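These numbers were taken from a predicted model, which means no experiment stands behind them. FYI, side chains are in, hydrogens and waters are out, and symmetry mates aren't considered; it's all heavy atoms of this structure.
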Amino acid sequence: MESSERASPSDRTPTAGGPTEYLLGAALLLLAALRFFWLGRWGLWIDEAFTLNDSAALQGGRHTHFELGLYCVAAARQLFGSDDEFVLRLAPALFGAGGLGLCVWAFAPAVGRTRALAIACLVGLSSWHLFWSQSARHYTLAQDLALLGGGCALRGCLLASAWRFALGVALAAAAAFAHPTGALVAGALIFAPWLSSLRGGRFAWRPPTWSLALALLVLVLAFGGWASTVWHKYYDSKSGSSTQHLALTCGYYFTPLVLSCALGGAWLGWRKRSAIDLFALAVCLPAIAAMFVASRFVVISAQYLFVLLPWVALLASAPLFDARIGARLRGALLVALAAYGAVDVTLYFALRNGDRPRWSEAYAYVAREREADDAVFGMAWPVGEYYLAPGSTSLRSPSALVPLTAYLDDASSQWARRGRRAWFVINREDLLAWKPDDRARLHEFLASRCELAESFPVAGTPRELEVDVYLRK
């Protein structure tokens, strides 16, 4: 019979230590520094422009959403007296770099320092993590708070400390104020020690069964009304089934190799009844299941599971540290993961334009070439306002261009009218959100009455990030 693995501070996965840890530590410092490399080079994308708009609204005393991250962006803007791309992304980059260190802190007591460093390097080698670290959004802050909470909760289990566990759940719940999906980890943490024990993975302590119901009741009372409001607002704006899209984007952003290793790690943890691996599995599965259920009703992509990346990396690291796997196979896996990550990050900087459309170049081209009376119709209109009307912070209500969007019927009908010269800034991927008839009408209009003035492609990605600029004379 297989015996269960009891996790305690003195019972950790064997580690190599010494030079291996120094090498991993040096690699981790380099990966953390990469979060600031070319930070201000990439042009804004639409959600970053929303962040600027909302942080300005916050400073003006108006209430908005996800204020915890907005306060950080507003503080950077006030400190530097600038709204340029570097300043807007500084706080997310700091949280991204700091999150790599938090991975080590959170998991080292349970898996040992060497494996914790390897987990952090896996996260650092993710171009997905790099992208959110270099975007003026709040996902890295949410992930950090969830990691901080997860680390405290793990210590509560390892040290038989109820207050540490409760503090961990509370800290993870606070991640919801950076982004609602941060709450996924908090909810899973409540049940993770109990679920992992069902397979025999035992910590020094787990919450008594009665406390699970109490903790769930507290969460429902504290966050139930807020969660219901967030859900209804999101449903009103993005209803529709997206299960296939969620599955495809998870495969792309978590990457097939890391997901394969994570599945292998989950299987190994299940077989040897590893408390920490079962704990990670118990954190991931309920959150993933919740998102896939939600995807039946609203449009959801992998970004809403970004908070789970460190836990997936924990599972993916398991095959690298399991003595039952041959040294050659472990070495091959290590080389494959490192090489894949290095190529991924290199392509992010070299070919993929930071995995975002080249809106800044497209709107800069329009600004150079347009005449005084020309009209401008553009997708990602808050970005267009940012570049065409420097200094404007009312980006949700642009004055320098007319939004070209499927959601604004009045604006959508204006582009086909005859009149003065007009510029059209188009991204094909954004057109997929349009109704088929509206999309066909726009394509016919561009083909018959406009000419392609300039194109700004992005290579090396399956997404259609190319931005085209059309001119109607």
Side-chain angles (χ1 to χ4, degrees), residues 1-15 102-116 119-120 144-175 182-223 265-266 268-287 307-308 310-315 317-318 321-322:
M1 292 179 61
E2 294 172 307
S3 60
S4 65
E5 178 184 301
R6 185 181 182 85
S8 68
S10 60
D11 180 19
R12 301 170 181 162
T13 302
T15 61
L102 272 178
C103 284
V104 180
W105 173 84
F107 300 135
V111 301
R113 192 165 55 196
T114 301
R115 183 176 170 188
I119 293 167
D144 284 3
L145 289 170
L147 262 176
L148 191 62
C152 285
L154 270 175
R155 282 163 172 78
C157 294
L158 293 168
L159 301 173
S161 173
W163 73 266
R164 284 186 176 88
F165 184 82
L167 176 62
V169 173
L171 286 170
L184 290 172
V185 170
L189 283 175
I190 295 174
F191 298 98
W194 180 72
L195 289 174
S196 63
S197 71
L198 294 179
R199 176 57 184 167
R202 298 184 180 276
F203 290 96
W205 172 85
R206 68 177 174 88
T209 303
W210 62 266
S211 70
L212 300 178
L214 178 62
L216 186 60
L217 178 63
V218 170
L219 275 182
V220 169
L221 292 175
F223 290 95
L268 289 170
W270 185 269
R271 289 276 297 171
K272 68 177 183 179
R273 305 187 185 192
S274 164
I276 181 59
D277 294 322
L278 289 172
F279 188 96
L281 188 61
V283 168
C284 292
L285 285 183
V307 71
L308 296 181
W311 300 92
V312 172
L314 189 159
L315 288 171
S317 71
F321 292 84
D322 194 303

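Contact between L195 and P286 at its shortest, heavy atoms only, is CD1-CG, 4.5 Å. Closest of all the heavy-atom pairs between L315 and C284 is CD1-SG, 4.5 Å. Closest heavy-atom contact between A282 and A188: O-CB, 4.0 Å. Across every non-hydrogen atom of G265 and A318, the tightest pair is CA-CB, 3.7 Å.
One distance of note links CZ of F191 with CG of L285; it measures 14.5 Å at 0.5 Å rounding. Annotation: the span from L171 atom CG to L148 atom CG amounts to 5.0 Å, rounded to 0.5 Å. The distance from the CD1 atom of I119 to the OG1 atom of T114 is 11.0 Å, given to the nearest 0.5 Å.
Inter-residue side-chain proximity for D277 and V111 is flagged as unmet; no heavy-atom pair is nearer than 4.5 Å. Between C152 and F165, the closest side-chain pair of non-hydrogen atoms is not below 4.5 Å. Between P310 and F107 there is a side-chain heavy-atom pair separated by less than 4.5 Å. Side chains of L221 and V218 form no contact here, defined as non-hydrogen atoms less than 4.5 Å apart. Between C157 and F279 the shortest side-chain heavy-atom distance falls below 4.5 Å. Side-chain atoms of R155 and P109, non-hydrogen and from C-beta on, do get closer than 4.5 Å to each other.
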Going through the checks in order, is the side chain to side chain contact (heavy atoms under 4.5 Å, CB included) test met by L147 and V307?
CA-CA 8 Å; L147 262 176; V307 71; over 6 Å; no
Go through the steps to decide whether S197 and R202 satisfy the test side chain to side chain donor-acceptor pair (under 3.5 Å), and finish with yes or no.
CA-CA 5 Å; S197 71; R202 298 184 180 276; 5.7 Å; no
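No cation-pi contact links R164 to W205, judged by a cut-off of 6.0 Å to the six-membered ring centre and 45° from its axis.
The aromatic ring centres of W194 and F203 sit 6.0 Å or more apart.
A donor-acceptor contact shorter than 3.5 Å links the side chain of R115 to the backbone of L314. With hydrogens and angles ignored, the 3.5 Å screen pairs no side-chain donor or acceptor of R199 with any backbone N or O of R273.
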